[in-house]
Amino acid sequence: MKYFFDFRQDSLTKEWVIVAPRRATRPELSPEKKEICPFCPGNESRGFKELFRIGDKAKYGWEVRVIPNKFPFAPKHEIVIHSPLHSESFFTFSKTQITKIFKVYRERFKLHEKEGQVFIFHNCGRKAGESIPHSHTQIAVLPKNLTLEIPATPQVENIFRESKHFQFFCPCDSRWPGEVWVAPKTSGRNFAEVTNDEFEDLAKHFPIVLKKLKKVFGKEFAFNFYIYPLFGWYLRIIPREKTLGGFEVGTNIFINTVDSAAFAKKLA
Ligand SMILES: [Zn+2]
């Protein structure tokens with residue numbers, strides 16, 4: 001099968017599947033192989049046309065860079081390369097760098113929100129679906145007729161950190177052990193409306209929370225986060241330590257063995 005992707009819906013359950021055989025051919029890089037990393041400075045010419053950047057206009061002057069995904073599963077599928085530095089991540093980026101990354105998310109969100117549903121997500125670690133270790137985020141613009149079953153903000157409870165603009169909390173009905181939800185105090189907006197002041201505040205607290213999670217889960221801590229694409233936006237961090245069992249795969253009902261209230265205390 002040569003096609004990039006195909007959207008298919010089960011006529012009975014109405015659930016969607018994206019079949020994307022080309023993605024099976026994408027490279028898997030180990031963290032050591034910097035010389036062939038397609039996201040490192042010097043390798044820009046490996047067939048990627050730059051879509052957006054923050055930084056100097058000079059060829060290698062970029063600080064955050066957006067390119068198309070070579071192995072898309074959506075009509076528009078982009079990659080935000082967080083930094084020119086191969087081994088840095090949200091655990092080590094400066095507050096300024098994280099603010100820039102979030103601003104790029106917002107700019108791409110604004111650009112694409114009329115065309116479809118803009119889903120911004122990050123994979124950190126192999127267990128979280130990462131295939132290239134150079135820190136990056138993906139942005140998939142999905143057709144509007146595709147029903148996304150993403151939960152709306154749950155009841156804010158078990159708050160363990162509160163910043164100027166955000167509440168960090170562990171909802172009692174979390175599906176995955178150790179989930180952290182980040183909700184803005186000004187609710188009812190979508191991601192296009194987040195202010196620079198909010199991003200600066202988020203950039204200060206976000207790495208602290210990730211480091212606390214890493215302390216709990218250990219050195220190989222793998223996680224995803226995504227940004228809710230509709231009104232009432234939030235950011236959800238999902239630790240990926242748990243492997244799904246047959247009951248969960250078959251029924252889509254999760255068994256969470258971690259008590260969220262107790263877990264929130266560990267992150268305080
Ligand atoms: Zn790299």
Side-chain angles (χ1 to χ4, degrees), residues 4 20 22-74 76-109 111 118-141 199 202-203 206-207 209-211 213-214 217-227 235 237-240:
F4 278 105
R22 274 282 297 268
R23 279 181 71 76
T25 63
R26 68 195 199 281
E28 288 241 345
L29 290 190
S30 66
E32 303 81 52
K33 290 187 176 168
K34 291 181 192 177
E35 69 281 2
I36 54 161
C37 171
F39 300 163
C40 268
N43 294 340
E44 284 92 345
S45 57
R46 285 174 182 259
F48 297 104
K49 186 175 145 263
E50 186 173 286
L51 301 169
F52 185 78
R53 73 158 64 182
I54 283 187
D56 196 83
K57 278 198 187 106
K59 195 176 175 190
Y60 302 139
W62 56 275
E63 293 165 12
V64 183
R65 190 167 178 260
V66 182
I67 57 171
N69 192 322
K70 240 183 168 177
F71 303 93
F73 62 72
K76 282 210 169 133
H77 190 169
E78 301 179 345
I79 289 170
V80 180
I81 307 170
H82 294 162
S83 133
L85 302 169
H86 185 84
S87 305
E88 300 285 305
S89 70
F90 281 113
F91 295 105
T92 55
F93 288 143
S94 66
K95 186 187 147 191
T96 315
Q97 189 68 18
I98 296 176
T99 305
K100 283 176 188 163
I101 295 164
F102 276 98
K103 282 181 180 173
V104 170
Y105 294 169
R106 183 186 58 200
E107 291 321 298
R108 301 316 283 174
F109 187 95
L111 181 71
V118 187
F119 192 71
I120 301 171
F121 65 100
H122 173 64
N123 305 334
C124 176
R126 281 279 164 91
K127 279 190 279 185
E130 171 196 283
S131 56
I132 293 179
H134 191 135
S135 190
H136 65 283
T137 287
Q138 299 180 57
I139 301 178
V141 185
F199 282 146
L202 184 61
F206 189 58
V209 170
L210 288 179
K211 279 176 207 160
L213 282 166
K214 195 174 194 167
F217 285 105
K219 231 177 115 201
E220 301 297 313
F221 173 54
F223 68 94
N224 300 115
F225 75 73
Y226 71 80
I227 291 163
L235 185 150
I237 305 167
I238 307 167
R240 294 297 305 276

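The structure presented is a predicted model; accordingly, all values stated were derived computationally and were not measured. Order of listing sets the numbers, starting from 1, for every ligand and every atom in it.
For the Zn ion (ligand 1), the nearest N, O or S atom contributed by His134 is named ND1. Looking only at N/O/S atoms, His86 comes nearest to the Zn ion (ligand 1) through ND1.
Ring to ring, His82 and His136 are not that close: their centroids are 6.0 angstrom or more apart. A centroid separation of 6.0 Å or more is found between the aromatic rings of His86 and Phe39.
Geometry note: the Zn ion (ligand 1) is the vertex, Cys37 SG and Cys40 SG are the arms, and the angle is 120° (rounded to 10 degrees).
Using cut-offs of 30° and 60° on the angle between ring planes, the pair Phe102 and Phe206 is perpendicular.
His77 and Gln138 share a side-chain donor-acceptor pair at under 3.5 Å.
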